Amino acid sequence: MSNLRALLERNRTFAATGAHAGLAVMPRQPVFIVTCLDPRTDPAAFLGVELGDAPVVRNAGGRVTEQVIDDVAFISYLIKTMIPDGPLFEVAVIHHTGCATGFLADAGFRYDFAARTGLDETALAAEAVIDPEATVRADVQRLLSSPKVQPEISVSGHVYDLETGLVTMIVDPAQPGRVPTLSTDPPVSA
Ligand SMILES: [Zn+2]
């Protein structure tokens, strides 16, 4: 018997409401959400994302991986093809407090997991979300600097606090190619 049984009963209730009928593939909200697969961080709950509203990609930590970049590139190219003059969307990268990827910062846990899976330990260490403000800044930068994505998109970064339930914007929306370069102190002449 499938563990999905209880949820399949909910599906019957859902289908009976007709909420699925007549939805367009084009998202109603001009956003693309990247967040963690943690069951506590469902954008349908904490952002009120409704059916047909927005594409959502969820993975461990809500990290901007190559796969996520490819997904953003695909959806933005698809929308650009369907509506050439239309606006594109803002990618909202959302990390959260208390993320379970923090276990990857533990050397023993990381070593055992790497040994079990063959995954690279250094790469695993980089996946940990310990300081969500820092990782979300890095991931916004990673997406903005990818040549794969349409230059018309914008990218913003946020942290969702599990304690307060509030989302705080950490990085204002910016577009690829218009990224402010990291400031470096001018050389001091003697
Ligand atoms: Zn998480």
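Both counts, for ligands and for their atoms, begin at 1 and track the order of listing. Quick caveat: nothing in here was measured; it's all calculated off a predicted structure.
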Q) Quick one: do R110 and E121 make a salt bridge, cutoff under 4.0 Å? A) yes
Worksheet item: Is the closest side-chain donor-acceptor distance between E127 and T101 under 3.5 Å?
Response: no
* Should the ring pair F14 and H20 be called parallel, tilted or perpendicular, given that the plane angle runs from 0 to 90° and is split at 30 and 60? -> tilted
Tightest non-hydrogen contact, residues I153 and Q175, listed as O-CG, 3.2 Å
Protein-side N, O or S atoms sitting under 2.8 Å from the Zn ion (ligand 1) are C36 SG, H96 NE2, C99 SG
The residue among T41, D131, T135 that forms side chain to side chain donor-acceptor pair (under 3.5 Å) with H95 is T135
**Asked** Does H158 use its side chain to pair, donor to acceptor, with the backbone of I170 at less than 3.5 Å?
**Response** no
